[in-house]
Structures are given as structure tokens and as C-alpha cells.
Amino acid sequence: MAKYKLNVNGAEHQVDVDSDTPLLWVLRDSLKLVGTKYGCGIAQCGACTIHLDGKAARSCSVPIDAAKEKKITTIEGLSEDGSHPVQQAWIEHDVPQCGYCQAGQIMSASAFLSENKNPTDQQILDAMHGNICRCGTYTRIKAAIKTAAKNA
Amino acid sequence: MKKNIDKTRRSFIKVSAAAGGGLLMGFNFMSCEAEPKYLEYAAPDFAMPEKWNTLNGFLKIGENGVVTIMSPNPEIGQNVKTSMPMIVAEELDADWDRVIVEQAPLDTKLYKRQIAGGSQSIRLGWKDLRETGARARQMLLKAASERLEVPMEELSTSKGKIYHKKTDKVLDYGEVASAASSVEVPEEVTLKDPKDFTLIGTSVRNVDGFNIVQGKPLFGLDTMEEGMKIAMIEHPPAFGMKIKSLDDSAARAMSGIIDVFRINVEPEGWNPQWSDVNAYPELVAIVGESTWQVMKAKKALKIEWEQESKLESSKDHVATMENALASKKGDEARKDGDPNSAFEKAAKIIEKTYTAPFLAHNTMEPMNFYANVTADKAELIGPVQTAQFLEGTLEGVLGIPKENISIMMTRMGGGFGRRLYGHFGTEAALISQKVKAPVKLVYTREDDMTQGTYRPAYMVTYKAGLDEDGNLMAFQIRGAGIPRSPIFANRYPAGTVDNYRVENHDLETNISTGAWRAPRSNFIATAEQSFLDEVAEAAGKDPIDFRLSLFERAISNPVGEENDYDAERYAGVLKVVKEKSGWGKETAGIHRGVSAYYCHNTYVAQVLDVAMEDGLPKVKKVCCVVDCGIVVNREGAINQIEGGIVDGIGHALYSAINFVDGAPQQSNFNKYRLIRQSEAPESIEVHFVDNGIDPTGLGEPSLPPIGAALANALYKATGTRLYSQPFVDQVELLG
Ligand code: FES
Ligand code: FES
């Protein structure tokens, strides 16, 4: 076990975990930030997507050691009240079915839109390739990203 | 964007009068080409009441008029947590903008069938939910008539208010809720005429949507309770294997590990129920402080396995099914006329065989359950589609009476049938009992994908005989399944051909299988509708006209006594899809396929447009027509239909579980291919048949036919007929 200082959603946190612990489990188990989901553990599904210094990262495959100097944002910190344009667009299009993948989808989409304000359809498809939605809400996700780009 | 979309809930709007108002009998069609028609977002401008007045087990009303409606059934993404309360609210005449929805506790005396399965929640709940709302409204009216000293017949209700037109008096439900709660519950109630519905048929947002997009803890895996430990299991690596010996010394020495032991989920003398499907009754359990510590310790276990029954491989499965169909006579499930002599007389015979592999459910949220079992009590929280059956199982396994067992149903990260089988709940309870602590059992993705309860593997041979003029004179279906044949003997095209025969082969396996979204239909629809396409081509007929001519026969002069479909409704969806898709128009580079199927009491027809882009198939558009009777929540319904289409395309094209010596060869999403964003259809257009019939299933019916619409379109695009799923394995170029 080792102590780490982390900057999560703008606040400092101290945790005491094994040094090989993936950030996903630090967030979920130690910090009780369970909005970040476990789906595969091997960077294949995107359910665990967070922002590291503003860029999308799969937290299941980021060891805590690699995250300690960085600004970490989770779905809980994307906005205080669900007002982020991507969250709003998700509501507008009533995207979720089971909802389990959606935090990861939203984190991927929001990181992508912060770098590409006016994406083409193909760029959206490419950016979202790493996020599986088992319920098949893909057409709504695509539409919501376009709405968010318009409203941001 | 207008104002912020609200804090705790959703808002809704009425659809246009044309779409929402005209519920007429017969075939009227409402379309949905336009954008989703939610109006504005209502602000959550109400405070919680200080006092709730309970009118019945489904609802309570606060003194300020806020209504809480219990959603009785588990939510797996089929959106019943929104649509079931809508039905209550409709008959109550509640103001949906002042409704809160809560997940009901498990109580089958009160809520009856609390199961998510078979697309039946709305169909079976419809009458009770309506009566519940109507009874409560009646009680409010009674209380109001006493308060206003006017006859009940002079009162009317709308949006949570009671009106007495003669005196211009208005009462809010909140003002009479307390008095209403002591009114005797009326035995008889009159329900609304469906044409007077104001909420049903509109689009209401998912009641959990706002929590979902904020990552609020809603799912079983999010459960965090005081003193809770993490538990995991290790099951045998192959079907046919069991534990021989366990060396846990390395694992026990690791940080955070509390206990390691073998558990038997099926104690002697206990009788399993249908929901207890489980290939691996004996497991190794590991309990520790945190998920990662337990995951690591799990890898350090040294377990010796031994063979207890046959170790099966996929190539044996295929051979077994081929042998059965080639050399044996199966169980005859239907025979009309004299198929043998009809085939002898036929001018043309077409015979084709279709196959599909085992599939895993792969819910995004892996299996998990929280359990706190003490000497005489068990408290469980988690994602299960059949909590009422799990309760019975726990009673038998734990030796604790039902009254002392509570199960709280969480929102589920997908179901697809997987969570009908609640062995993981039983495992969590037994582990908690053993370690005398609350535990959350967590399956890794690998544990989940290799545990079994799969969609069975199938093979089916279709044979059709045509006369000189291309009329279908004989039809035969011979099916094999591991473990069950996929054929529904009395479904279409039974009833449309004079000489007809169905034969089934059920073949044994030690691999555990279970219901997977639209059981059996999920395969047989693709096979049947692909075959009919080929037969239509051989007959020189248009594929839609060919299918319609069969329905004409079934309408005018059906063959046989028992045909499990309504030929007019079936033909109805095909006629509409023909019109709405502009069938017959040719567009350069676009290849079209059609398919139609009936299951879960719902009729679906689809036209799929595919283009080949850089040698890969791209689904440009799916036009889908659905007859599910009254549509409760339009956008919610459309979302379900879209999801089924994406799911069906993905699994037909890409997915499989294969075996070598009993071991599943796919254990995570690097090997098990699920459809991804760029492979989904570019657009999906949904049309409903507006016939005012009581609502039927929606969670499953759009999935079965789409595989054939895809195969038929790909045939046009590539010249190759697709017979074996996943299609990428048959034609490598596809993936
Ligand atoms: S859990 Fe991290 S990508 Fe799947
Ligand atoms: S909404 Fe269920 S996995 Fe995406």
C-alpha cells in the first residue's frame, strides 16, 4: 500500500492503495465516485472513460501512478448540476436505455467536442469507436453529439 | 438550448393532434419522420410534501399535490420505470410534471408479476395499472364531492385537479388526498376510452435520465453499504470440469484478502427452480477489502480442475447437428397435407441450411449482487430480472424463511434475459453467510462471459417445392438446437402452404443455456426470412409480393387448425413498409433487403438499405414498421425498436462464443466482437400502426427479423447468400 495525492474534480484527495491499482478502482472503491463504470477492465469498452488533463482516458487501464500528477475529471465533475451541453443533449435526445455505458459515452463525447467544435459525422463515429453500447443507442448518441456541438 | 433540463426528472409534451389524437380502429398509420416531439422542459418547481397520503400500494399523494407512483417491475433498460407509471397516471389524470416515480419493493401479493422478461410487462400489467389509477381517481372524486357538497357526477378531472364547472370551483388533488385516503376502495371502476388518453401515446423522458447522465449511483454494482466486503468467484475454465483441489496460500497472503474457500451453491436435497440454471454449482470464493485486491488474489489462486463430463468443442456441435438432420427422424411437430408426394411433384425444389453459434448476453454491467446474511435474516440488493424467484431459492439454500428475506431491485445495466437466472444472488448470499459480513459479489467480465447461460447453437434446414408457375406447394422445416430446436411449429409460414411439415431435434449438452433476447425467434426469423427471399427469387417474384401472396392464402383459406398469428396484421406491416420505404425505387449503390416477423404479440416489418464502402457493408437506413397496439411512450418505444435493430445487426454480423474442449474461446470484448458506433445504421425510421388494440411487447420484437433484412440486402450487394452466423466468418470481406 502507498499513499497518493490525487486531484479529482477540482479537489485534492488522499488515498492509500496498492501502487498498481487502476484509477478506475481508486475512483469507485476509495473515493466512492461510482459514476465511472467497469465494463471490461482491458480498455475495450469505454465504460470507464474519464478525462486526464482534459483528454479522454480509460481509467481501467491507467495505473494510479500515472494519474497522480494529472487533473482527473469524472462524470460527477463534468458539471455540478448536469448542465454541461453534452449532458443536456443526452437528455434532449432521451439517449439512455439501461444507461450503464452512458457516463463513459458522455465523457468520450465531451473530451472530443472540446477539441473539435464542429465535427463531421465520420469524425464522430471515429471518436466514439471505443465506447460500446450494448443496448444499441448509437444513433441517438450520434444525434446528441451533433446537438451538443451546436449548443456548446 | 432553452432552459436547463431539470434536476430530478423529465418533462414531456403532447405529440401533435394528428399523431396523438386519432386512435381509430383499422389500419391507420402514424409516422415519426420528424424530430422527437418533446415540447419544453418543465422546471422542477415543486417541493417535497410534508405528508404523504397513501391511496393504494401504487401511489401516494402529498398535501401539495405531488404524486408518487411505484414502478412495480425491474428496469433493465426497457424503460418500464417510465411507461408503467404513465399508465397509472393516465387513469388517475395526474399532472405528469408533478409525478415522482419510485422503484417498488418486491411484493408479489400487491404487485403480482414483478419480472422483466418476455416483453410482457406492459401487456400483462396494462389492465391492473389502469384500474389502479382509476380507483384512486374515484376516491379523490368521492372526497371532493363531500368537500364541495356536490354530486360526484358533476365533477371532472384534468392534470391533478378536480373541477366543478357549475360553481367554477377547483380543487387540487393535494387538497383532498388526505380525505381520499380513508375513502373505501371502489370495487368497480370505469376506464377511459383510449381516444381520451392525454398522456399515453405522448413522449415522456426516461424518469432516470437525468440521474444517468450525471453518473448517479443507480446500478447494482454501485451498491456501497457500511462494512461491506468485496467477493469474487472462480468457476471452472470449461464446461465438463469441476474443482479437484485448491491451493490458496499465495492468495491468502496478499494484502486485503480476508478469506478464500470453496462454496457449493446447490446443497443436497434442495430442488432447483427454472431460474436456477447454473453449470457450476461448486466455486472458489475470495473475499477481501477492495475490488482490485480481490482481482489480483484471484489470479494467484492455484486450482486443479478435473473432468467430470464430456468436453465439447464447436466443431463437434456442428457435426452433431448435421448428423441429426442428415440421418435421423426428429419429433414431428406439425404436418399438413402430404409433403412427401408434393415434393415429388414439384417443378423446382430449393433446400438450404442455416446455422448460428452460441452467444453470450454480455450485459454492460457484469453480474453482481450485494448480500448481508445474519443468523435469521437476509438482505439483498442487486440486479435481477426475477427477484420473486430468487427469494424462493434463497429460502431453500439459506434455510431462512421468506418473510425474513428482502431483495431490493436496482436499475440494471442491461438484461437481455441473462438476469432471469439469479445464481449470482444465491452465491452472494452464501458467501455473506459464510464470512458473517455484508459482501458485494462482483463478476469480472471474464467470469461473466465464460460462465454460460448462453443463447443455444442452432441449425435448421428449409425445403420448399414450387410448381410450374412458381407457387409454393410444399414446405418443410427441420431444426436442431443445442439443447433445443428453434422452430415454432405454428408460426408463419404455417397456414399458408397445403403441404407442410416441421421436425425438431433437441440435442444434449453440458453447456448451460438460457433465454437470450427474443429466444429462438432471434435465430429462426433470420433463417426463415432469408430462405423466403431465396424462394421468391426462384419463383421469379418480388420478395414483398411473394410474402403477401402467402398471407392472402392465410387470410382467405388458412391451412390447419392452429396458426399463431393474425395474417391481416402481419400483412399490414409489410404493406406499410413497402409504401414507407419506397420499395421498388432503385438508387445507385444502395442495396435493399426486406424481412418481417411476429413474436411477443407484436408484428414487425423492415427494409434495410446497405452500401458497400471500401469493401465493407454500411447500413445506410432501416425503415421499420411496428404493430404493437397502443404505444404507451412514443420515444421510449422508438428507442427500444432502434436498440433491437442495432443488437440484431451486430450479433448476426459479428458475434459468437466458440468452444475448444469445453472452454469458451471468447472471454472479453477483444475477442467477442460487439457492434460499435461506426457499424450501426446511419439512420433508423420507425412507423407505428395505429389500431387502438391493447399494447403488446416491444423490448424484443424488432430484433429477430433484422438479421434477414441485412442478409437479403447483402446478397444484393455481393451476390452471396449468407447462411451461417456470424456473417463475417462466412464472408471475411464483411468485417
Ligand atoms: S472498463 Fe475500461 S474500457 Fe472497459
Ligand atoms: S444504454 Fe445500455 S449499454 Fe448503453
Side-chain angles (χ1 to χ4, degrees), chain A residues 1 17-18 20-22 25 28-30 32-42 44-45 47 74-76 79 81-83 85 87-103 106 121 124-126 128-142 151, chain B residues 1 4-5 7 10 36 38 76-79 203 205-206 208-210 212-219 221-222 224 230 255 290-293 296 362-366 411-415 444-445 635-636 639-640 642-647 650 668-670 674-678 680-681 683-684:
Chain A
M1 303 272 273
V17 296
D18 292 359
D20 57 355
T21 310
W25 299 112
R28 288 186 60 88
D29 283 0
S30 309
K32 313 265 185 275
L33 292 169
V34 294
T36 306
K37 298 297 191 234
Y38 166 69
C40 68
I42 57 165
Q44 288 290 319
C45 76
T74 70
I75 186 75
E76 291 90 345
S79 68
D81 52 0
S83 61
Q87 290 169 312
Q88 292 283 301
W90 245 247
I91 300 272
E92 179 162 333
H93 290 270
D94 209 16
V95 175
Q97 284 187 33
C98 82
Y100 193 80
C101 73
Q102 301 296 348
I106 289 170
D121 278 25
I124 295 175
L125 301 186
D126 293 344
M128 300 304 288
H129 192 74
N131 288 80
I132 294 173
C133 175
R134 176 66 184 83
C135 298
T137 63
Y138 294 126
T139 48
R140 277 168 198 263
I141 289 171
K142 190 175 66 180
N151 293 339
Chain B
M1 169 133 326
N4 251 13
I5 301 169
K7 311 261 193 287
R10 78 299 87 184
Y38 309 100
I76 57 177
Q78 82 285 44
N79 211 10
S203 290
R205 288 199 165 77
N206 186 329
D208 276 340
F210 200 68
I212 290 168
V213 304
Q214 293 186 95
K216 294 280 195 277
L218 300 169
F219 300 94
L221 203 62
D222 301 341
M224 297 274 172
I230 299 292
S255 72
S290 76
T291 314
W292 182 244
Q293 288 172 319
K296 276 199 296 183
N362 288 328
T363 59
M364 271 324 269
E365 177 195 20
R411 189 178 184 85
M412 287 175 243
T444 63
R445 173 58 61 196
E635 273 301 309
N639 202 346
Q640 290 304 304
E642 292 167 347
I645 288 170
V646 171
D647 193 358
N668 208 324
F669 298 130
N670 52 348
L674 284 173
I675 190 167
R676 289 174 183 270
Q677 176 67 258
S678 57
S683 76
I684 299 172

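B/Val213 and A/Ile75 get closest at one heavy-atom pair: O-CD1, 3.3 Å. Across A/Cys45 and B/Phe669, no two heavy atoms sit closer than the pair CB-CD1, 3.9 Å. Across A/Cys98 and B/Gly414, no two heavy atoms sit closer than the pair CB-N, 3.3 Å. Scanning all heavy atoms of the two residues, the minimum distance from A/Thr139 to B/Pro681 falls at CG2-O, 3.3 Å. Of all heavy-atom pairs spanning A/Pro96 and B/Asn639, the tightest one is O-ND2, 3.6 Å. Between B/Asn670 and A/Gln44, the shortest heavy-atom contact is CA-OE1, 3.7 Å.
Interatomic distance, OH of A/Tyr100 versus CE of B/Met412, reported as 14.0 Å (0.5 Å rounding). The CG atom of B/Asn79 sits 7.0 Å away from atom CG of A/Asp94, with the distance rounded to the nearest 0.5 Å. Interatomic distance, OG1 of A/Thr36 versus CG of B/Asp222, reported as 10.0 Å (0.5 Å rounding). Note that CD of B/Gln214 is 7.5 Å distant from CD1 of A/Ile91, once rounded to the nearest 0.5 Å. The structure places OG of B/Ser290 at 12.5 Å from CZ of A/Arg28, a figure rounded to the nearest 0.5 Å.
With respect to chain B, the highest number of heavy-atom pairs below 4.5 Å among A/Ile124, A/Thr137, A/Ile42 belongs to A/Ile42. In terms of heavy-atom pairs under 4.5 Å with chain A, the best-connected choice from B/Asn362, B/Leu218, B/Ile684 is B/Asn362. Contact tally against chain B (heavy-atom pairs below 4.5 Å) for A/Ala103, A/Cys101, A/Ala47, A/Gly39: the top residue is A/Gly39. Of the listed residues (A/Gly130, A/Ser30, A/Gly99), the one with the most heavy-atom contacts under 4.5 Å to chain B is A/Gly99.
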- Take B/Gln677 and A/Asn131 through the side-chain contact (heavy atoms from CB on, under 4.5 Å) test and state the conclusion after the steps. CA-CA 8 Å; B/Gln677 176 67 258; A/Asn131 288 80; over 6 Å; no

- With side-chain contact (heavy atoms from CB on, under 4.5 Å) as the test, would you mind laying out the steps for A/Gln97 and B/Glu642 before giving the verdict? CA-CA 11 Å; A/Gln97 284 187 33; B/Glu642 292 167 347; 5.5 Å; no

- Let me see the working for B/Arg676 and A/Leu125 under side-chain contact (heavy atoms from CB on, under 4.5 Å), right down to the final yes or no. CA-CA 9 Å; B/Arg676 289 174 183 270; A/Leu125 301 186; over 6 Å; no

- Would you check, one step at a time, whether the test side-chain contact (heavy atoms from CB on, under 4.5 Å) holds for A/Trp90 with B/Ile212? CA-CA 10 Å; A/Trp90 245 247; B/Ile212 290 168; over 6 Å; no

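Only the side chain of B/Phe219 comes within contact range of chain A, with heavy atoms under 4.5 Å apart. Using a 4.5 Å cut-off between heavy atoms, A/Val17 does not touch chain B at all. Both the backbone and the side chain of A/Glu76 have a heavy atom closer than 4.5 Å to some heavy atom of chain B. The contact between A/Ile132 and chain B is made by backbone and side chain atoms together, counting heavy-atom distances below 4.5 Å. With a 4.5 angstrom heavy-atom cutoff, B/Met364 touches chain A via backbone and side-chain atoms both. In this structure, the portions of B/Gln640 lying under 4.5 Å from any heavy atom of chain A include both its backbone and its side chain. For chain A, the nearby part of B/Val646 is the side chain; its heavy atoms alone come within less than 4.5 Å. Looking at B/Leu674, the atoms closer than 4.5 Å to chain A (heavy atoms on both sides) all sit in the side chain, from C-beta outward.
Judged by distance alone, with hydrogens and angles left aside, the side-chain atoms of B/Arg445 form no donor-acceptor pair with the main-chain N or O of A/Gly41 at under 3.5 Å. No donor-acceptor pair closer than 3.5 Å links the side chain of B/Asp647 to the backbone N or O of A/Arg134.
Between B/Thr291 and A/Tyr38, every side-chain heavy-atom pair lies at or beyond the 4.5 Å cut-off.
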